[in-house]
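Heads up, the thing below is written out as structure tokens.
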2 protein chains.
Amino acid sequence: MEQQYLSIQKISELTGISTYTLRYYEKNGLIHPITRAAGGRRQYSAGDLEWIRFLLRLRTTGMSIRQMQQAAHLRRQGPSTAKERRQLLEAHLESIKKQIEALQEHQDAIEDKIVVYKQWEEDYPLKEESK
Amino acid sequence: MEQQYLSIQKISELTGISTYTLRYYEKNGLIHPITRAAGGRRQYSAGDLEWIRFLLRLRTTGMSIRQMQQAAHLRRQGPSTAKERRQLLEAHLESIKKQIEALQEHQDAIEDKIVVYKQWEEDYPLKEESK
DNA sequence: CTACAACTTAGAGCGCGCTCTAAGTCAACT
DNA sequence: AGTTGACTTAGAGCGCGCTCTAAGTTGTAG
């Protein structure tokens, strides 16, 4: 029999989420109750890891704890919530698209500003046209 | 004589930044000391407004207060800091590009997940293949 | 004349998302 | 037998970026 379960420490290393935060997420329903080994130790499955990585995706794209709670809640209801989960993700996808659009616009504006500074660099140290 | 100056209230309306925050930014050096009218009231110029809008750009692209302080500080030194300012912006531009890349990757992953849910929606309510 | 808006300093409070401590228990490893 | 790592609950603390209050002053508009 292979040891297919992962300790909280290992999960922490694999995901970059601290053990504190992993317990905090579980306590707050972002992660379902992880099965326990003797002595009450958490043993994470590959599926658990996958879910945590998905959470990480949501988190780094700006989803709040509250919304992640909602997503996890729906997931625990089983496949009958597929539609709601899809809708939640679609809404989040929209938000990601808007973030990207906004960032691209800002990127352009900042690139323009950089061009202005480059011009100044050429002008300033040579002549005193401080205009 | 035209009234070319704007009150703090007006700036707040034009930028969406509260008057509290505008004063907070000024106190913390993100905004240079605004010229005062009789009684010490701030009168913002068009240039001030422009700078505040630029700050907003930096803020919404994830720049911290500290970095914005730095940007404002360089600006107050005059055109001789053009190079440093350019470098600061270039570094920030890099960070924006990385944000966009990461978001796009997450976008793809979430789109895939949505496809999975759509499949479930077709499968689940019809048959009991809860595999 | 009276509202109202703005000003000042100094500091409290808040929501978010962790992060850590305390204090005690338990089990596996060496 | 001792060390290590995990566990529990409950709660404090923190960094960030505001947000607001207090309390008193002064100027402008109707």
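By convention in this document, chain letters (A, B, ...) are assigned in the order of the sequence lines, proteins followed by strands, and residues within each chain are numbered from 1. All heavy atoms count here, side chains included; hydrogens, waters and symmetry mates do not.
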Rounding to an integer number of Å, can you tell me how far [X] [atom1] sits from [N] [atom2]?
X	N	atom1	atom2	answer
A/Lys27	C/dC18	NZ	P	13 Å
B/Leu22	D/dC18	CG	C1'	12 Å
B/Asn28	D/dG17	CG	C1'	10 Å
B/Lys10	C/dA6	NZ	P	11 Å
B/Leu56	D/dG17	CG	C1'	14 Å

(message) Looking at B/Arg36 and B/Glu26, is any side-chain nitrogen of the basic one under 4.0 Å from a carboxylate oxygen of the acidic one?
(response) yes
(message) Would A/Glu13 and A/Lys10 count as a salt bridge (charged side-chain N to carboxylate O under 4.0 Å, His left out) here? Give the steps.
(response) CA-CA 5 Å; A/Glu13 284 160 20; A/Lys10 203 81 192 104; 3.5 Å; yes
Of all the nucleotides listed ([options]), which has the minimum atom distance to the side chain of [X]?
X	options	answer
B/Ala38	D/dA6, D/dT28, D/dC18	D/dT28
B/Ser64	C/dC18, C/dC7, D/dG17	D/dG17
B/Tyr20	D/dC18, D/dA6, D/dT21	D/dT21
B/Tyr24	C/dA6, D/dG17, C/dT19	D/dG17

(request) State whether a side-chain donor-acceptor pair under 3.5 Å links A/His106 with B/Arg57. (result) yes
(message) Please determine whether a side-chain nitrogen or oxygen atom of B/Ser7 lies at a distance below 4.0 Å from atom OP1 or OP2 of C/dA5.
(response) no
(message) If you compare every side-chain N and O of A/Arg23 against the phosphate oxygens of C/dC18 (OP1, OP2), does one of them come in below 4.0 Å?
(response) no
(request) Between A/Arg36 and B/Arg41, just flag the one whose closest nucleotide in DNA chain D comes earlier from the 5' side. (result) A/Arg36
(request) For A/Arg42 and for B/Gly39, find the nucleotide of DNA chain D with the closest heavy atom, then tell me which residue's nucleotide is more 5'. (result) A/Arg42
(request) Could you give me the CA-CA distance, side-chain angles and deciding distance for B/Glu90 and B/Arg86, then say whether salt bridge (charged side-chain N to carboxylate O under 4.0 Å, His left out) is met? (result) CA-CA 6 Å; B/Glu90 278 172 349; B/Arg86 194 201 72 212; 3.3 Å; yes
(request) Classify the nucleic acid contact of B/Arg66 as base, sugar-phosphate or nothing, counting any heavy atom under 4.0 Å across all strands shown. (result) nothing
(request) Name the nucleic acid region contacted by B/Thr19, choosing base, sugar-phosphate or nothing; use a 4.0 angstrom heavy-atom cut-off, strictly under. (result) nothing
